[in-house]
Structure formats: structure tokens, C-alpha cells
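Report on the following structure.
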2 protein chains.
Amino acid sequence: MKSSDIKSPSMKNKRPTLQDVADLVGVTKMTVSRFLRNPDQVSVPLQTKIADALEELGYIPNRAPDILSKSKSHAIGVLLPSLTNQVFAEVIRGIESIVEPAGYQTMLAHYGYSKEAEEARIATLLSYNVDGLIISESYHTERVRKMLAVAGIPVIEIMDSVSPPIEQAIGIDNEAAAYAMTDFMIKRGRQKIVYFAARMDQRTLFKIKGYETAMHDNGLTPLCLKTNSASSFTLGATFLHDALQQQPDTDGIFCTNDDLAIGALYACQKAGIKVPQDISIAGFHGHDISRAMIPRLATVITPREEMGRLAAEHLLSRLQGNPVSQTIIDLPFQIEAGESV
Amino acid sequence: MKSSDIKSPSMKNKRPTLQDVADLVGVTKMTVSRFLRNPDQVSVPLQTKIADALEELGYIPNRAPDILSKSKSHAIGVLLPSLTNQVFAEVIRGIESIVEPAGYQTMLAHYGYSKEAEEARIATLLSYNVDGLIISESYHTERVRKMLAVAGIPVIEIMDSVSPPIEQAIGIDNEAAAYAMTDFMIKRGRQKIVYFAARMDQRTLFKIKGYETAMHDNGLTPLCLKTNSASSFTLGATFLHDALQQQPDTDGIFCTNDDLAIGALYACQKAGIKVPQDISIAGFHGHDISRAMIPRLATVITPREEMGRLAAEHLLSRLQGNPVSQTIIDLPFQIEAGESV
DNA sequence: TATGATAATGTTACCTGTAACAAAACATGG
DNA sequence: CCATGTTTTGTTACAGGTAACATTATCATA
């Protein structure tokens, strides 16, 4: 009689191991392990016995030993700057739609746009032996680059298709997209276009650059309202009033995202300003709401979910041993005219 | 000369272990381990040497051994039915806002409203030795219940505050909320209120029940339009037309979420139907957009993010060994009158 | 029945950090 | 300079599943 057979009430029964199952059947844990991987490797009478024992004890597989011995977790790390932004929720959805059916687990982390936090989160994700990483932003500290190099796992950077990636980037050209929308508004006769910027991250800076270049190329003077806080509908309204104060003859507003644009648009409606007759308004990203509202919002449609899907697909491909196929994958954006420009 | 000292070019240098660092310094890995946990446990001259070696090799901590030997991962599993729904994005945000500063990692999974998938995802999360689980929905298969019992980790169910929880539930009373909003619309003089339901999950069923009860209590006849597909703005428009066909004198619409309501509202505007004069419209959840739009949407404001935060807080508290304080935590909802009723 | 082949099961070692115990190095006081 | 205490470092074992190798059981055929 082994001690494992004794069940005193004080002893809290911990999660059963393969050994517990094996003891119950009267075989080695190796035999049970074989059964779990391929039942046919085990004699027919044992098959039912083992199956019964597994069921009786409620055995739950344990990946820890495998992670330890093989340094493979079948999990991928996803590191995003924020979870507040709807854009990232859609990216996550895209990633999960690919990663989950492939049998990989997602470890989610975010760093609130702080470089120090980013370092810490990456270290944490690596400490769990994630098999691959999807991160965003294009600039990383030297420490982050070193950690990723040492870890030796595939890394894919998303959101931005311009900056030279660590290994592989999948994103859009934010500058070109902002240029295109600004140019579109100018072509529609707008001259005094103001840019509304929030959350001054790398992508926003790219967009501002595209906007400013387009204005300059057309001999116009850019005006950019900025804040470091997160965007919101109310911020869009606030910005509208600021813009009209600083530049009363403003005839166009291009926002760094749809939230600001919608906020500005509603503020115009409240103030009796006609959109697009008096002021044109354009957003960025093309969330569902922008296409449902009246007037339909002009916006730059970006493939957020596809970006997540593609990132996941390429990551999985590399986990299967394939080399990096394309260093930079530049996804197309689309200028949606809507009715607000 | 040990084999680990040999660095042939063919040999891909894998992630360094504590042993590698120790070898470089000329001590045991135990000493390095001590330094990492508390540098003062190590003599001053060694402190700098070890720090240098760690830096030089770019050592990254490895949680795998600890997970294996202690069966504690410092990770919690979050299992949601879907990532498409904005509600769940906000719940995740709430959870992460608590869990991350506490040094816990989030493992995210979703099951697309399928009970079999839920079983599989829970097994997977448990196989990673998550220390606790936040799951949603209130009904689970026997197998799920057994797995959770065997795993012996704290589990918190969110979204619904009515059904008897496995251990602890944090949510709202969907039926009462739907009753309250229906009653509010009736008090405002509406008689022919139609309910728009999508994604027929448990919570939707509760809401329908609340709506129907309120209608009956007021001597009115309920009419519910249902579909199993996910809700969207366009579905709201489709439902509106269906409703007007089935019941031309419809004077109120109560939607299972804001998306449907906004879709219906815009469809009314397009069709020249005045809201709220001709038809009242109410949504559910109170997303930001509902408060920004014109007219402001009447809606039931639910504390999604707080639900996530609270779930995380209670889970962490239990991970610290505290017992379940309240079996059911019923969070308050709020009827937002808006301008559309 | 003996023989070799094949199928079924068992044994051992390993992955890496750390708790627990052991030993060595060092310091202090008599 | 020894005895004793303290600090610092080393040694051993362990967690649980599985690869790799070893052994035993089974069976068909000579």
C-alpha cells in the first residue's frame, strides 16, 4: 500500500497526474502517456481501463513538463500598446481567429505606450516560453531588441509598414494614407483643413506628417491640434470648438481616428454647422459605425482584422520552420468618400 | 573543458540558462538564482560579476521550472464567448487593468458560444496551470464542472448575476434590466413595443424574459424578432423593416444591444420616421457612442469594465488565500433616458 | 518446440530553477 | 589561535510528461 493510496480527509486532493492514473490502472505512466498520444499504441484491454481511469480521476493534461523540456509552449504572445482602442480589439480578433484553430494559445499583454512597460511585458511573455510574438509599434529599446534576439523566436511587428522591422512587419503606410485623405479633401475644394490628433504615438506622428506634406504640396498651411490623452467622442467636440476659435474659416477637419471625427460631426450638428457644406469631416480606420451613421463618415478604411490574421498566419508559418517570406507587408488602405466631405 | 564551452558555428546559440550565467562567472547556478531573487544574499564582488554576466548573455527568466514544480503559473485564464462583441473588449480591459499591475499574466481564449469549444478551451487553459479563471455564461457542461473541481483553482463567472454560480458570480440581472427599460418605455406611453434579439445566448434569453414579463404585466402583447447571428448596425435596419411589416403600428423598439438600436435609429431617420415622436428606440449597454449621438440613445447602462475589474480583484483576493466573500455580486444597471424614447 | 520478428510495456534520464540541507569561508571574542 | 557564530556558497532532489532505449510478452513459422 503506497502513500498515494491513503486518502485522509485533511489531504486536499490535488490535480491528478499521469502517475495517479497509472497507479489506478496498474501500469507505468509511460503507458498512459502513450495512450493519450495514440491509443493504438496500447493493448485493447488496457485502452478501456486507461480511458476509464482518466475519466474517473478527471485527468487534465499538463503542459508544464513539455514546456520545460522542449522550451515550446504552443502559446504566442501578443503585445499591444492599449486595449482601450477599438483598433486593437479588432486586431486581437484577427489574430485569435487564426491562432486558436491552429491549437495555439494567446498570451495577451499591453503596455500603455510606455517603453519601460514594453520591456517588462516582453520579458514576461518570454519567461513563459512563448513560441512567437506579435508586437506593435516600430521603435524598440536596445534591451528589447537584445531580448528578442536572444530568445530566438519569430517576431512580427504590426500596424506600421514603413519603419525597418526587426524581422518582419505587417501594416499600413500611415503617412501615405493621411496624405491621400488630405489630398482628397483638398481636391474636393477644402483649403483650411485642421488635423485633430490624440495619443501622440508613432502612427499618429506618421499621419500628421502625411497631412502636413499634402497641405504643403498644395500650397496650404497645416494646423494641427494635439493632445497626448486618448481620443474620445467628447474630445472631438472639444477640438472642434478649439479649431473654430483658432481658425474661424476652417472648412475641413481630418481626424486621427473615427471617434474624434464622430464627436466633431455631432458637435457640428449641435452647433448648426452643416456637414459637409460648411465643414468637411474625415476620420480614420472605417469602423462599422462610420458607415452606418448619417451622413456616412468619410474615412480611411484600414484592414485591422486582416492585419491580425496575416500576422498570425505568417507567425504560424514561421513556427513551422518556413523562412521570412516578405520583410515588409504593406497592406492597402482605402479612401472612403462617405458623405461628410 | 565542457561541451557547453564549445561554440561551433553550426550550433545555434539557444537562450541562456542560469547555468550558462553561472559558468561564465564561475559559480553555481544556485548563487545566480539567489542574486536574482535578492542580490544581497550574494557577496558584493560577485554581485557585479553576476550582474555583468546576466547582462552579457542577455539572460531571460524562465518560469517553466517553477510552473512545473509549484503548479503555479502566475497567469490567469480569461474565457469569453466572443471577441467580436464590444462588451467583451471592455471586460478584458477591466480585467487587465487589475491583473497586470498585480504581476499576473492573462491567457485569453474564446469559444464562439459553443459548449464543446468551451470544454476544450478550459482544458487548454488548465493545461497551462493557470492560477485562476474568469469565465462567462452561467451554464456549463458536467465535464466543465468536473474539470474545474479537479483543478481546484478559483473560478469567477461574469456577466450574469442570477444563475447559481459554481463558486462566485459577478454580473447584472439582465432580466430585471430589460424589465426596467420596457417598463420605462411603457410609462412613456408606448404600447406596441417590439424586441430585437440577436445572438440567442443565455443573457439574451434573460432579457427577452424581462421584456415579455413587463409587457404582460402591463396588459400588452410582446413581439420579439430573433436571429442567431451576431448583431450589427445593418441587422438593426433589417429588423426595423421586419417589425414595421409585422406590426405597422409599432411605436417602440427595444434592442438587445446598442448596435441594433443605432442601426434601427439610422434606418428610421432614412425612412423619415421621427425618433422618438413616431417610434421610441432603446438599446442596451450604453456604449460611448450612444451618449454622443443625436438623438442620445436611451439605453441600459451596464458596468462592463467594472465587472472585469471586480472579477479580477476578487480572483486575486482568492489567490491570496481569502475565501469567497460574496457568492453573487449583483452590479447595478442604470436606465439612461437619452432622447430616443 | 525453438526461433526470430513484432507488439506491448517498462526504465532511465532529461528539461531548469529553487527549497532544503550541507559545507565551507570568514569574522569575532576570549 | 581556537571556539563559536555568521555569512556565503555548494549539493541534492524535485516537479511531470516523454524520448530513447531496454525488456518482456506474443505469435507465426520452420
Side-chain angles (χ1 to χ4, degrees), chain A residues 3-4 13-50 53-54 57-74 123-124 126-129 131 150-152, chain B residues 2-4 14-50 53-54 57 59-74 123-124 126-131 150-152:
Chain A
S3 70
S4 61
N13 45 342
K14 62 164 190 47
R15 169 173 169 167
T17 66
L18 273 194
Q19 186 64 60
D20 298 326
V21 180
D23 288 350
L24 190 62
V25 179
V27 291
T28 333
K29 57 178 178 171
M30 194 62 228
T31 306
V32 183
S33 172
R34 288 195 181 98
F35 173 82
L36 286 174
R37 301 182 67 74
N38 179 8
D40 292 338
Q41 282 180 87
V42 161
S43 64
V44 179
L46 271 187
Q47 287 180 18
T48 45
K49 277 208 227 171
I50 293 177
L54 288 167
L57 295 178
Y59 176 76
I60 301 163
N62 186 353
R63 276 191 209 261
D66 217 50
I67 297 176
L68 176 56
S69 56
K70 302 216 194 39
S71 298
K72 290 258 176 294
S73 60
H74 256 224
T124 302
L126 293 177
S127 79
Y128 282 99
N129 293 273
D131 295 348
V150 166
Chain B
K2 282 180 289 185
S3 68
S4 61
K14 62 166 191 46
R15 169 172 169 167
T17 66
L18 272 194
Q19 187 64 61
D20 299 325
V21 179
D23 289 348
L24 189 62
V25 179
V27 292
T28 333
K29 59 177 178 170
M30 195 62 228
T31 306
V32 183
S33 171
R34 288 193 181 100
F35 172 84
L36 286 174
R37 300 184 70 74
N38 177 9
D40 292 338
Q41 283 181 89
V42 161
S43 64
V44 179
L46 271 188
Q47 286 180 19
T48 45
K49 275 209 232 174
I50 293 176
L54 286 167
L57 295 179
Y59 176 75
I60 301 163
N62 186 355
R63 277 190 209 260
D66 219 50
I67 298 176
L68 175 58
S69 57
K70 301 217 192 40
S71 298
K72 289 258 173 297
S73 60
H74 256 224
T124 301
L126 293 177
S127 79
Y128 283 99
N129 292 270
V130 290
D131 295 348
V150 165

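Every chain is numbered from 1 and lettered A, B, ... according to where its sequence line falls, protein lines coming before strand lines.
Picking from dT18(C), dT18(D), dG17(D) the nucleotide with the shortest atom distance to the side chain of Pro65(A) gives dG17(D). Distance from the side chain of Ser33(B) is smallest to dG17(C) among dG16(D), dG17(C), dA19(D). Comparing dT8(D), dT11(D), dT18(C) by their nearest atom to the side chain of Ser43(B) picks out dT8(D). Residue Asn62(B) has its side chain nearest to dT16(C) when only dT16(C), dG10(C), dG17(D) are considered.
Atoms CE (Met30(B)) and C1' (dT9(D)) sit 10 Å apart, rounded to a whole Å. Rounded to whole angstrom, the span from the CZ atom of Arg15(A) across to the C1' atom of dG17(D) amounts to 12 Å. Across the protein-nucleic acid pair, Lys29(A) atom NZ and dG16(D) atom P stand 8 Å apart, rounded to whole Å. As rounded to whole Å, 16 Å separates atom P of dT18(C) from atom NZ of Lys72(B). Taking atom CG of Leu126(A) as the reference point, atom C1' of dT16(C) lies 16 Å away to the nearest angstrom. Atom-to-atom, CD of Gln19(A) to P of dT18(D) comes out at 13 Å; the value is rounded to the nearest Å. Residue Tyr59(A) contributes atom OH, which lies 4 Å from atom P of dG17(D) at whole-angstrom precision. Taking atom CD of Gln47(A) as the reference point, atom P of dT9(C) lies 9 Å away to the nearest angstrom.
Under the side-chain contact (heavy atoms from CB on, under 4.5 Å) rule, Val32(B) has a single partner from Leu46(B), Asp20(B), Leu54(B), which is Leu54(B).
When heavy atoms are screened at a 4.0 angstrom cut-off, Thr31(B) is found touching the sugar-phosphate backbone but no base atom. Val27(A) comes within 4.0 angstrom of sugar-phosphate atoms only, judged by non-hydrogen atoms across all strands, and of no base. Among the heavy atoms of the strands, none lies under 4.0 Å from Arg63(B). Within the nucleic acid shown, Leu36(B) has no heavy atom closer than 4.0 Å to any nucleic acid atom.
Of the two residues near DNA chain D, Gln41(B) and Ala64(A), the one whose nearest nucleotide lies more 5' is Gln41(B).
Judged by distance alone, the side chain of Arg63(A) and the main-chain N or O of His74(A) form no donor-acceptor pair under 3.5 Å. Of the possible donor and acceptor atoms, none in the side chain of Tyr128(A) sits under 3.5 Å from a partner among the backbone N and O of Ser73(A).
When all heavy atoms of Ser33(A) and Leu18(A) are compared, the pair lying nearest together is CB-CD1, 3.7 Å.
The side chain of Arg34(A) contributes no N or O atom lying less than 4.0 Å from OP1 or OP2 of dT18(D). A close approach under 4.0 Å does not occur between any side-chain nitrogen or oxygen of Thr17(A) and OP1 or OP2 of dA15(D). Phosphate contact (OP1/OP2 of dG16(D), side-chain N/O of Ser69(A), threshold under 4.0 Å): absent.
To the nearest 0.5 Å, the span separating CG on Asp66(B) from CG on Asn129(B) amounts to 11.0 Å.
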